[in-house]
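Note that the coordinates shown come from a computational prediction; the quantities given were computed from them, not determined experimentally.
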Amino acid sequence: MLKYLKKYWFFCLLAPLFMLGEVGMDLLQPDMMADIVDHGVLGGNLELIIRVGVKMTLTVIAGGLCGVLCGIFANVAAQGFANDLRKDVFSKIMHLSFQQTDKISTGSLVTRLTNDVTQVQQMVMMSVRGLVRNSVMFLGGIFMLYRQSPRFALVAACALPFIAAAVFFFLKKTTPLFAVVQQKLDGINHIMQETVAGARVVKAYVKEEYELGRFDEANDTLCEENLRVQTLLAFMSPCMNIVLNLCVVAVILVGGYTVKTGGSITPGNTMAAITYLAQILHGVTFMANIFQTFSRAKASADRISEVLNSPEVLPGGSFAGETKQKGCVEFQDVSFSYPGSDGQNVLEHISFRIEAGQTLAIIGATGSGKSSLVQLIPRFYDASEGQIIVDGINVKDYDPAALREKVAIVMQKAEMYSRSIEENIRWSNRDADPWQIKKAAQTAQADDFICGTPDGYYTAVTEGGHSLSGGQKQRLSIARAVLKDCEILIFDDATSALDLKTEASLHQALREECPGVTKIIIAQRIASIRNADQIMVLDNGRISDMGTHEELMRCSEIYQDIYHSQLKEGSEDK
């Protein structure tokens with residue numbers, strides 16, 4: 001991930017330089033304080049006290065200024081790094097195949113995009129600022145401590161092995177737990193995402209307590225893992241403080257004994273030594289915290305890299321040009337099984353051809369493979385066997401964006417966004433003018449209800465479209481697809497919430513307004529598809545029969561059974 005810092009190399013260089021200035025000022029102050037004590041206070045020299053005191057004040061101001069500038073440059077580098085990284089992670093998520101997003105849960109992707117990036121950002125901040133500060137403070141403190149007296153430096157040298165051993169022990173214990181904590185956080189986000197998105201179902205089934213129990217269990221597990229980590233880390237600081245205090249006691253004893261015996265160590269030297277020793281040992285303590293941050297960030301960086309380095313499961317072709325044909329779709333002996341399903345086919349030996357401008361309807365029992373079939377056309381998945389040809393070109397040879405520009409697909413579950421009705425429709429074609437938007441809405445039979453809303457096309461839609469009925473959301477989704485001006489229009493049971501009269505008007509409008517567009521319609525009601533050019537009857541992943549309504553009524557037992565069952569239920573248009 002160092003490549004994300006290259007753009008901010010200048011700030012990464014300036015921040016440590018100013019940090020060196022801050023640390024340098026900090027290291028000078030105990031030495032000046034020793035001078036005040038030995039020659040000013042004990043020597044009765046007021047002039048020296050004032051002169052050195054002014055120097056100390058100026059040193060503090062200079063160090064503070066350097067610290068502020070270091071903080072600014074470090075933040076610019078860290079924030080820029082995180083901003084670029086987060087954008088790339090989100091971009092990668094947007095380009096992951098369905099196979100990959102099925103494998104990594106939505107909650108986990110949210111955690112990686114937010115919490116994990118923040119952890120890595122903190123690591124960058126600590127590296128640019130804290131690592132330099134504490135390293136220089138440690139080495140500079142040792143040097144200044146040695147200047148006061150080699151005996152003081154010896155005291156620090158005796159303490160360092162104990163501190164290093166404590167740091168190594170605690171980090172070795174906690175590092176594997178950081179990855180576990182992030183996984184538990186994935187679970188929290190996954191439950192949150194599911195529960196909030198399905199809040200109406202939860203309330204309808206009075207399952208608030210059940211969902212609360214699920215969340216409590218996941219949250220308790222996260223709390224337990226966090227507690228394990230923090231309990232281990234809680235022992236580290238007290239252990240280091242014990243060593244620090246013992247070192248301070250040792251310095252006082254050494255200094256006091258030397259002063260008493262007439263040695264070269266002065267009271268000022270002893271005071272300075274205590275301060276330098278505190279700086280050294282505090283530097284080591286902060287280094288331990290930095291290593292802790294690095295360990296946590298390493299776990300997060302690995303999870304981010306898993307997303308960034310995800311292989312391209314559906315490698316795109318290079319074809320992005322124009323084709324002579326417009327909207328022709330052909331399946332050649334296609335079989336398909338979902339990744340991870342142990343090769344169990346949901347479609348087997350599918351072969352058919354639909355010409356440009358024709359309408360193909362697909363009907364069959366639940367689980368017969370209707371939705372799986374249409375998802376192969378825009379290449380959401382790859383066929384396990386056979387070929388899918390769009391406008392004379394194998395879908396694997398298309399650039400994915402070029403292929404999907406040809407296709408507009410309307411799902412049964414209509415996705416709405418928290419913006420105006422107009423913006424929800426315009427989403428498929430940002431260059432559309434108001435008249436085109438209104439025309440698409442009229443084709444989708446949505447204009448009347450839109451004009452009846454308080455602000456018309458500028459009426460705000462709530463999150464998930466909960467302010468709209470199922471039929472209204474489906475019609476807006478259809479308007480969005482029509483506005484795309486595509487070659488192939490796919491309805492994946494996208495009119496299930498419409499009444500027969502509205503649906504009939506919709507299909508009539510599509511025939512009039514989109515005569516050259518190929519239409520593939522999945523439906524459960526024969527009344528919705530009886531006028532299609534071809535009707536495919538799917539049964540257990542295979543084409544049972546195919547033909548017009550009249551042909552199927554003569555030769556297809558499955559189609560006849562569906563027709564008569566709907567006729568008895570009053571669903572068929574008599």
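In this pair, His507 and Phe491 present their aromatic rings tilted. The plane angle is within the 30 to 60° band.
Side-chain N/O atoms of Ser544 and Glu557 include no donor and acceptor closer than 3.5 Å. A donor and an acceptor atom, one from each side chain of Asn424 and Tyr457, are nowhere located under 3.5 Å apart. Using modelled atom types and a 3.5 Å distance limit, the side chains of Thr495 and Glu503 yield a donor-acceptor pair. Using a 3.5 Å distance cut-off with no hydrogens or angles, the side chains of Arg511 and Gln508 do pair a donor with an acceptor.
Taking the charged nitrogens against the carboxylate oxygens, Arg228 and Glu225 do have a contact shorter than 4.0 Å, which makes a salt bridge.
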- Message: Does Lys184 form a side chain to side chain contact (heavy atoms under 4.5 Å, CB included) with Ile188? I'd like the steps, not just the answer.
- Response: CA-CA 7 Å; Lys184 300 303 179 183; Ile188 290 284; over 6 Å; no
- Yes or no on side chain to side chain contact (heavy atoms under 4.5 Å, CB included) for Val395 and Ile377, after CA distance, side-chain angles and deciding distance? CA-CA 7 Å; Val395 293; Ile377 298 172; 5.8 Å; no
- Decide salt bridge (Lys or Arg N to Asp or Glu O under 4.0 Å) for Arg214 and Glu211; before the verdict, give the C-alpha distance in whole Å, the side-chain angles of both, and the deciding distance to 0.1 Å. CA-CA 5 Å; Arg214 287 181 65 213; Glu211 292 300 326; 2.8 Å; yes
- Under the side chain to side chain contact (heavy atoms under 4.5 Å, CB included) rule, what do Met411 and Asp492 come out as? Steps first, then yes or no, please. CA-CA 5 Å; Met411 305 290 189; Asp492 186 0; 4.2 Å; yes
- Output, in order, the C-alpha distance, side-chain angles, deciding distance and verdict of side chain to side chain contact (heavy atoms under 4.5 Å, CB included) for Tyr559 and Ile526. CA-CA 9 Å; Tyr559 191 80; Ile526 288 180; 3.3 Å; yes
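Note that the NZ atom of Lys406 and the OH atom of Tyr398 stand 4.0 Å from one another [nearest 0.5 Å]. Interatomic distance, CG of Leu468 versus CZ of Phe449, reported as 5.5 Å (0.5 Å rounding). The distance from atom CG of Leu538 to atom CG of Asp545, rounded to the nearest 0.5 Å, is 10.5 Å. To the nearest 0.5 angstrom, Ser384 atom OG is 10.0 Å from Glu348 atom CD. Considering CD of Glu487 and SG of Cys328, their distance stands at 10.5 Å, rounded to 0.5 Å. Summarising the geometry, atom CE belonging to Met536 is positioned 5.0 Å from atom CD1 belonging to Ile362; distances are rounded to the nearest 0.5 Å.
Residues Glu330 and Arg353 approach most closely at OE1-NH1, 2.9 Å, considering heavy atoms. Nearest heavy-atom pair across Ala441 and Ile425 is CB-CD1, 4.4 Å. Minimum heavy-atom separation, Val482 to Cys514: CG1-SG, 4.2 Å.
Glu322 CD: 12 or fewer foreign heavy atoms inside a 6.0 Å radius. Other residues, nucleotides and ligands place no more than 12 heavy atoms under 6.0 Å from the NZ atom of Lys298. No more than 12 heavy atoms of other residues, nucleotides or ligands sit less than 6.0 Å from atom CG of Asn540.
Separation of the Tyr338 and Tyr381 ring centroids falls under the 6.0 Å cut-off.
Residues Ile304 and Val117 have side chains in contact (heavy-atom distance under 4.5 Å, counting atoms from C-beta outward).
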